[in-house]
Amino acid sequence: DRSNYALLLVEDKDNGQISHNLMFEWGYIAAKLSVNNICTILINKSSRELPSDLLGTWVFELNYDRNNESEDQFANKIFDIVLYH
């Protein structure tokens with residue numbers, strides 16, 4: 001099956017760098033789909049840190065504070081972005 005849409009969740013957990021494996025897969029998706037059909041949600045990361053070849057993709061920045069927000073609350077934020085944008 002082929003997909004027409006991709007949702008990428010990118011979280012900054014360790015050293016501030018996006019893993020090379022994720023970048024490879026992201027590039028593959030970008031080559032297969034229109035950039036208008038790729039929604040990227042950066043979790044605790046800035047879009048200014050993205051490589052230039054990913055500019056033009058649909059990017060949202062979300063902050064997630066595990067101490068003050070449940071996983072369900074955060075998942076609902078993601079759902080709202082995907083559903084209403």
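Index from 1, following the sequence. The structure displayed is predicted, hence computed values, not measured ones.
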*Identify the heavy atoms of I81 and C39 that sit nearest to each other, and give their distance.*
CG2-SG, 4.4 Å
*Heavy-atom pair of closest approach, residues E61 and K45*: CG-O, 3.7 Å
_How long is the straight-line distance from CD1 of I41 back to CH2 of W58, given to the nearest 0.5 Å?_
8.5 Å
*Which value, rounded to the nearest 0.5 Å, describes the distance between I78 atom CD1 and E71 atom CD?*
10.0 Å
*Can you name the nearest heavy-atom pair linking S70 to Y64, along with the distance?*
C-OH, 3.8 Å
*Partners of N37 by side-chain contact (heavy atoms from CB on, under 4.5 Å), sequence neighbours excluded?*
Y5, S34
_Shared hydrophobic cluster, F79 / Y84 (ILVMFWY, side-chain heavy atoms < 4.5 Å)_ = yes
*Heavy-atom pair with the smallest gap, counting every atom of S47 and V59*: CB-CG1, 3.9 Å
*Applying salt bridge (Lys or Arg N to Asp or Glu O under 4.0 Å), which residue pairs with at least one partner in residues 74-85 are found, sequence neighbours left out?*
E69-K77
_Residues that D65 engages under side chain to side chain donor-acceptor pair (under 3.5 Å), provided they are two or more places apart_ = N68
_Spacing of CG belonging to L7 relative to CD1 belonging to I29, to within rounding of 0.5 Å_ = 9.5 Å
*Where N63 and F74 come nearest, the two heavy atoms and their spacing*: O-CE1, 3.8 Å
